[in-house]
Structures are given as C-alpha cells and as structure tokens.
Peer 1: 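Submitted below is the structure of interest, expressed as structure tokens.
Whatever order the structure lists ligands and atoms in, that order sets their numbers, starting from 1. These values consider heavy atoms only, across backbone and side chains, with no hydrogens, waters or symmetry-generated copies.
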Amino acid sequence: MRFLHTGDWHVGKLLRGRSRISEQEEVLQEILQIASDSKVDCLLICGDLYDSHAPSPDAERLVLNFFAEVAGRRLPTVVIGGNHDHPKRLAALRQLLERLQIYVRPEPVRPDEGGVIELEIDGEQACLAVLPFVSERKIVDACKLMEPAEEWSQTYSERVAQMCGLLAGSFQSQSVNLLLAHVHVHDAETSGSERAIHVAHPYAVDTQRFPTSAQYVALGHLHRPQDVPAPCPAAYCGSTLQLDFGEQRQQKRVVIVEALPGRPAQLESIEIQSGRRLRSVEGTMVELEGQGESFGDDFLRVTVQVEQPVPGIADQVREILPNALDVRIDYPRSESMAPRRSLGALSPADIFAEYYQRQHGTSPPETVAQFFGQLYEEALNASD
Ligand SMILES: [Mn+2]
C-alpha cells in the first residue's frame, strides 16, 4: 500500500505582508500530480492546513478545491488538525468530507470514535491511528492544581506518549498500521517559523514511545523535513514552502511511504519544485545592484553595508531589489562594540561621548560635546 505524506501547508500565511496564495495553489497542484505519478492509494495530511484560525476566503478556496480534486480521483485522504487549525472549523466539515472518503480529525478522540481509521484498498487493510495536535493548555491546566510547575511539561509529554500507545492498541497484525501525529518530538530541529510556545523543548515527546507495531509514524508540526530516530520509521514531511527566512536552503518535499503489514515501511522523498526560494544577501548598494538579476524572483533578506546610518536606505534598497522583504543595515561600530569599560573609570564627558557613539555610530561633534560640558557644569553648580 502506498501513501503520500504531507502537512504544514499553512495556506494563507503572509511573508512580511506578501501573499503566498499563488505559490500555495501551485504547490497543491504539484502534490496532486506527485500523488498520481506515484500511484498512491491514500493521502496523509498531518495538520496546519491553514495558517490561521480564521483563514481568508482565498485560503479556504485552495484547501476545499484540493479536497474536491482528491474526491474526484476517489483518493482516500486522512487529515489531522494542527495547532494553527481551528478545531471547530475543521470539525464543521467532518461529516460532509467523510462521505467523500476524506477523514478529518480535528482533535484527539478515542479509537472507537474515529481515533483509528480502518481502510480497505484493493483487498488490503490499513489501520490509521490519528493524533491531532493536543493543546498544552488542555492537559496542563488540570495539572496546575496539584503539581510543581516543572512537572507540567513532563505530564504533557507523558500523556501524549500514552495516547500514542492507546491508539496503537487497535493495530492489527494483518494490517498496515500507521500513526499520524501533529506533535513536537525530542531531538528534532526547528526552523524558527513554528510558534515558539508550541515547540518549547520541555513539551517534546520521546520518540522511543512510538509504537513498535507501527510500520510508519507520519509527523507534522516542524517545518524542516527530517527523519527522526524511533523504534519504527518516523519522519516529519516538513512544510511545503519555505515559510520564513529560518527555512531558507531547506529543500521541501513530500514522503512516499510504501508499506506492507508486519515490516518497516520504505520511504522515498520527492522534492517539491513549486514556490519561491528565500535568500539572505549582503553587500554595498553598488554590489547589490550589480547582483540583482542573479537573485531571480527569490524573496530576499538584505543586509546593506554602509559607512554610517543613512535615512531612507531601506526604500532605496527596495527600489533596486523589489523582492527585498527585510532590510538591515551594517555599518562599522567596532569601537562601540568593544567591551564596556567600567563607568567609574571614565569622566562624565567620556561617558557622554561613549553614549553618543553607541547611538549614532560616530563621536559627538565638537559643539555637542561643548554643550554637554556646559550643561554638566550647570547641573553640578545647581546641586551644590
Ligand atoms: Mn506548522
């Protein structure tokens, strides 16, 4: 049985105010194409379909059109909720989509209430255990009553591990058994574009607790594509686009999973070609202008090197590089970066000069220094 594992679409996400809808539309088309080229039997979508609890109409159109396509192809699809998805919003679609063999699970439920989905495809059986995002707050709120704070996160990861075990209790030896989870696991690498509170290390789940009886654990939540060490094959598919500058140079992918009962699944990464790349560049205005064409249509984070701060420089950079989304300036600050000497060893005039240097990148002009001296004298006399 063949599966396509994707997730963390974040449809509707803006990058510094720029829409990525057209890229997201292309990437979803590409995923459908890969699914048909790879002849998969089932799609696995591991959460964070949307970026926001209240997605834009355009974002909804993309996701619902994707579902229309998979329904038209009679391709069974399992969708779990991520921390960015509104559970009730996804739940509103559950009954409608179930009729189209699209199994939506916004929140964790018991195996007999849909927590384990049994599929039969061409005479083969699959048991798909699903663990949508479990809100830290839901578990931790109750613990606050009785336990020391440092145990809250342990309780969270322990509970999530128990849930994985409970769901895996419904696996069957003659079936292909998979676990889908939107969760942060130990020793996985983040990209900086996930919500900090939701990837906080103390809440990470121990992958050694993943069920050995699973042929594969399909993970969502972290945006860097990566395999994770576990008693069975387990991987984050990663996000479909480079969502923020922390993800530049990450080659995005989907995972094709070939699984038979009773043995570890075989995995194959298929690279995603759609979407614009994100890139950090650095140089003087002249250098940047000269290199402009080589940046193609990449979204840019630009560090421009100047002698001293120049008002309006960011606008000048955007004129020559319209895809510059972030502009930072870099100018010589070597003196001000030197370790601060003890203030007690400096005269008031020197302290002021050092302050001025830090603020303006240059020592104070003579007239300003003199004016400071006058004010200081006056203040001393006034306090006598
Ligand atoms: Mn995500």
Peer 1: If the plane angle is over 60° it's perpendicular, under 30° parallel, otherwise tilted; pick one for Tyr355 and Phe352.
Peer 2: tilted
Peer 1: Determine whether the aromatic ring centres of Tyr50 and Trp9 lie less than 6.0 Å apart.
Peer 2: no
Peer 1: Please give the atom name: the N, O or S atom of Asp48 nearest to the Mn ion (ligand 1).
Peer 2: OD2
Peer 1: As a test of reading the structure, name the N/O/S atom of His223 that is nearest the Mn ion (ligand 1).
Peer 2: NE2
Peer 1: Identify, by name, the N, O or S atom of Asp8 lying closest to the Mn ion (ligand 1).
Peer 2: OD1
Peer 1: Give the name of the N/O/S atom in His10 that lies closest to the Mn ion (ligand 1).
Peer 2: NE2
Peer 1: Take atom CZ of Arg159 as the centre, draw a 6.0 Å sphere, and report whether it contains more than 12 heavy atoms from other residues, nucleotides or ligands.
Peer 2: no
Peer 1: Between Arg105 and Glu98 (salt bridge meaning N to carboxylate O under 4.0 Å), is one present in this structure?
Peer 2: yes
